[in-house]
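Here is the structure we will look at, set down as structure tokens.
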Amino acid sequence: MPARTSHTAAEALRIGGITPLTTIDFPGRLAAVVFCQGCPWRCGYCHNAGLLDAAAPAPHRWSEVEQLLHTRRGLLDGVVFSGGEPTLQAALPDALARVRALGFATGLHTAGMYPERLQALLPLLDWVGLDIKGPLAHYDAITRTPGSGDRAWESLRCVQASGVNYECRTTWNPTLFPPADLVGLAHTLADAGVTHWVVQRCLAAGDVPSTSPGPLQFSGVEERFKSLTWRG
């Protein structure tokens with residue numbers, strides 16, 4: 001009869017999806033992605049809208065993650081927790097600790113909506129992808145949540161103070177703020193000490209993806225970052 005595994009806090013993690021392999025979600029590493037269910041913000045362009053409802057039935061269990069990692073030892077370098085918003089869940093710290101105990105690096109995608117929770121998680125993280133939605137003046141309209149921008153920027157300061165590797169990520173929807181404001185955001189991030197920034201254009205139906213940085217190529221922004229990546 002197989003031995004029974006002890007209950008852990010990680011088993012309560014609500015998991016909306018699992019990607020067994022990614023090369024772009026954890027810079028410099030081959031990783032799996034665990035998509036956490038639930039997010040309190042309501043950005044209109046969200047590409048993971050199916051993960052927004054925290055009460056929705058979770059199609060995956062934590063045991064599936066551990067089973068995947070046991071079979072991918074030597075093939076994967078790390079695990080990224082994405083969402084939704086992973087920091088919404090109290091089970092996340094134990095999940096991160098268990099991933100590390102299995103010998104994998106840990107990454108986190110977060111919008112920074114809970115700075116205090118993020119602060120507590122940083123000792124368990126090797127890398128953070130922090131979603132900066134836009135200029136501070138546009139935040140409430142983008143997230144449909146008052147005060148969201150202040151929380152995101154406080155989270156940025158927490159990550160920077162921790163010394164954990166990170167990059168900022170922005171999905172730019174031209175209907176929410178113009179190219180000039182995107183360029184302004186670039187300078188604001190650079191002034192704050194951000195050195196790695198990924199910008200992804202939010203594509204509407206019928207749009208044609210492009211590798212060109214559009215308005216940024218004329219702004220003198222690139223030279224202010226060690227790495228500036230344009231997607232879409």
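Index from 1, following the sequence.
Annotation: side chain of D181 is in contact with side chain of H138 (closest heavy-atom distance under 4.5 Å). Looking only at side-chain heavy atoms (C-beta outward), T110 and V128 come within less than 4.5 Å of each other. Between P179 and W172 there is a side-chain heavy-atom pair separated by less than 4.5 Å. Within the 4.5 Å cutoff, the side chain of C36 has no heavy atoms near those of the L88 side chain. Put simply, the side chain of L52 reaches to within 4.5 Å of the side chain of C46, judged on heavy atoms. The side-chain heavy atoms of L118 and L108, taken from C-beta on, include a pair separated by under 4.5 Å.
Formation of a donor-acceptor pair under 3.5 Å by the T229 side chain with backbone atoms of V198 is not found in this model. E167 contributes no side-chain N or O that, together with a main-chain N or O of V194, makes up a donor-acceptor pair within less than 3.5 Å. No donor-acceptor distance shorter than 3.5 angstrom exists from the side chain of E85 to the backbone of G38, with no hydrogens or angles considered.
Contact detail for F225 and T195: the closest heavy-atom pair is CB-O, 3.5 Å. Of all non-hydrogen atoms in G107 and F26, the two that sit nearest each other are N-CE1, 3.5 Å. What you find for Y45 and K133 is that their closest heavy atoms are OH-CD, 3.6 Å. When all heavy atoms of C202 and P174 are compared, the closest pair comes out as O-CD, 4.3 Å. G83 approaches F35 most closely through the heavy-atom pair O-CD2, 3.9 Å.
Within a 6.0 Å radius of NE2 in H47, no more than 12 heavy atoms belonging to other residues, nucleotides or ligands are found.
Of the charged side-chain nitrogens involved, none lies within less than 4.0 Å of a carboxylate oxygen, so that E222 and R224 do not count as a salt-bridged pair. Ion pair E154/R151 not flagged as a salt bridge, since none of the NZ, NE, NH1 or NH2 atoms sits closer than 4.0 Å to an Asp/Glu carboxylate oxygen. Under the 4.0 Å criterion applied to side-chain N and carboxylate O atoms, D126 and R29 are not assigned as salt-bridge partners. A salt bridge is defined here as a Lys NZ or Arg NE, NH1 or NH2 lying under 4.0 Å from an Asp or Glu carboxylate O, and R61 with E11 fails to meet this definition.
The aromatic rings of W62 and F81 lie parallel to each other, their planes meeting at an angle below 30°, with 60° marking the opposite boundary.
Here the CG atom belonging to L30 is positioned 7.0 Å from the CG atom belonging to L76, to the nearest 0.5 angstrom. To the nearest 0.5 Å, atom CD of residue Q200 and atom CZ of residue R231 are 7.0 Å apart. Note that OG of S148 and CD1 of I142 are 8.0 Å apart. Values are rounded to the nearest 0.5 Å. How far CH2 of W127 is from NE2 of H109: 3.5 Å, rounded to the nearest 0.5 Å. One distance of note links CD1 of I132 with CG of L130; it measures 4.0 Å at 0.5 Å rounding. The CG atom of L182 lies 11.5 Å from the CG atom of N173; values are rounded to the nearest 0.5 Å.
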Taking only distance into account, with no hydrogens and no angle test, what donor-acceptor pairs under 3.5 Å do side-chain atoms of residues 13-23 form with protein atoms, sequence neighbours excluded?
residue: R14; atom: NE; partner: A54; partner atom: O; Å: 3.1
residue: T22; atom: OG1; partner: I24; partner atom: N; Å: 3.2
residue: T22; atom: OG1; partner: D25; partner atom: N; Å: 3.4
residue: T22; atom: OG1; partner: D25; partner atom: OD2; Å: 2.6

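Checked by atom type, the side-chain pair Y166/Q160 shows a donor-acceptor distance below 3.5 Å. Judged purely by distance below 3.5 Å, without hydrogens or angles, the side chains of W197 and S227 never pair a donor atom with an acceptor atom.
Shown are R98, R73, R72; of these, the salt bridge (Lys or Arg N to Asp or Glu O under 4.0 Å) with E66 is made only by R98.
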